[in-house]
Amino acid sequence: MNVFRILGDLSHLLAMFLLLVKIWRSKSCAGISGKSQILFALVFTTRYLDLFSNFISIYNTVMKVVFLLCAYVTVYMIYWKFRKTFDIENDTFRLEFLLVPVIGLSFLVNYSYTPTEVLWTFSIYLESVAILPQLFMISKTGEAETITTHYLFFLGLYRALYLANWIWRYQTENFYDQISVVSGVVQTIFYCDFFYLYVTKVLKGKKLSLP
Amino acid sequence: EYNVHQHDEL
């Protein structure tokens with residue numbers, strides 16, 4: 001465990017809390033893509049199947065449970081509790097465009113052909129593209145609430161910190177996991193455009209709106 | 001050798 005990894009995990013946790021706080025406080029999930037949140041719930045479900053079979057540490061187990069809970073509570077908020085506020089007309093990204101290639105790739109490029117390993121690989125590939133429905137929604141409506149942009153910032157920061165973690169681990173432990181690294185790089189690239197807008201607009205006190 | 005299949009990251 002290194003400082004990049006722990007800060008990455010905390011940033012990921014903060015992002016999920018921010019999203020829940022936004023929904024809970026405003027009693028609204030306007031501007032949030034339910035499809036992205038379903039994909040994240042699917043990511044955690046398929047990745048953490050080893051929760052009971054492979055014990056790593058108390059930290060690891062607790063974080064997995066918290067991530068799963070956050071993901072499912074968020075989906076529940078969007079599709080049940082506050083579904084009247086859900087902006088379904090703008091959440092129109094076609095999930096099959098993500099799911100079909102991701103399922104195909106997880107069968108083609110993985111570490112071994114076992115159900116848990118293929119599902120783990122699926123979760124890694126899916127996570128790298130899961131935010132696309134959310135980014136698509138923002139580009140469609142042309143704006144995002146400031147708290148939603150904070151959520152996206154910390155979600156992207158988590159990924160960037162994981163890249164630093166992998167460089168560190170490669171240097172110190174000679175550890176590398178090429179599937180995670182390639183997917184992580186792809187995922188981080190998707191946030192670059194958003195990071196630019198975040199720094200040039202949101203941090204200067206302006207609302208994120210696209211021309 | 002490190003066992004990559006352990007997947008110790010979140």
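Reminder, nothing fancy here: chain letters follow the sequence lines and each chain counts from 1. When reading the values below, keep in mind they use all heavy atoms of this one structure, side chains included, and skip hydrogens, waters and symmetry mates.
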Determine whether more than 12 heavy atoms belonging to other residues, nucleotides or ligands lie under 6.0 Å from atom OH of A:Tyr196.
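12 or below, so no.
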
Verify the neighbour count for atom OH of A:Tyr59: are there more than 12 heavy atoms of other residues, nucleotides or ligands below 6.0 Å?
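Buried by this count: over 12 neighbours within 6.0 Å.
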
Looking just at side-chain N and O atoms, do B:Glu9 and A:Asn60 make a donor-acceptor pair shorter than 3.5 Å?
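Checked: B:Glu9/A:Asn60 side chains show no N/O donor-acceptor pair below 3.5 Å.
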
Side chains of A:Tyr158 and B:Leu10: does their closest heavy-atom pair fall under 4.5 Å?
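Of all side-chain heavy-atom pairs linking B:Leu10 with A:Tyr158, none is under 4.5 Å.
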
Pairs touching residues 37-51 of chain A that satisfy side chain to side chain donor-acceptor pair (under 3.5 Å), sequence neighbours left out:
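For residues 37-51 of chain A, and leaving out neighbouring residues, the side chain to side chain donor-acceptor pair (under 3.5 Å) pairs sorted by first residue read A:Gln37-A:Tyr151, A:Thr45-A:Tyr72, A:Arg47-A:Ser123, A:Arg47-A:Glu127, A:Asp50-A:Lys64.
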
With side chain to side chain donor-acceptor pair (under 3.5 Å) as the rule and sequence neighbours excluded, what pairs involving residues 92-108 of chain A come up?
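Residue pairs passing side chain to side chain donor-acceptor pair (under 3.5 Å), neighbours aside: A:Thr92-A:Lys140, A:Arg94-A:Glu96.
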
Before you tell me yes or no, could you show the steps for A:Arg169 and B:Asp8 under salt bridge (charged side-chain N to carboxylate O under 4.0 Å, His left out), namely the whole-Å CA-CA distance, both residues' side-chain angles and the distance that decides it to 0.1 Å?
CA-CA 12 Å; A:Arg169 291 191 74 176; B:Asp8 61 345; 3.1 Å; yes

Among A:Tyr162, A:Phe67, A:Phe44, residue most engaged with chain B (heavy-atom pairs, under 4.5 Å):
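Sorted descending by pairs with chain B, the first entry is A:Tyr162.
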
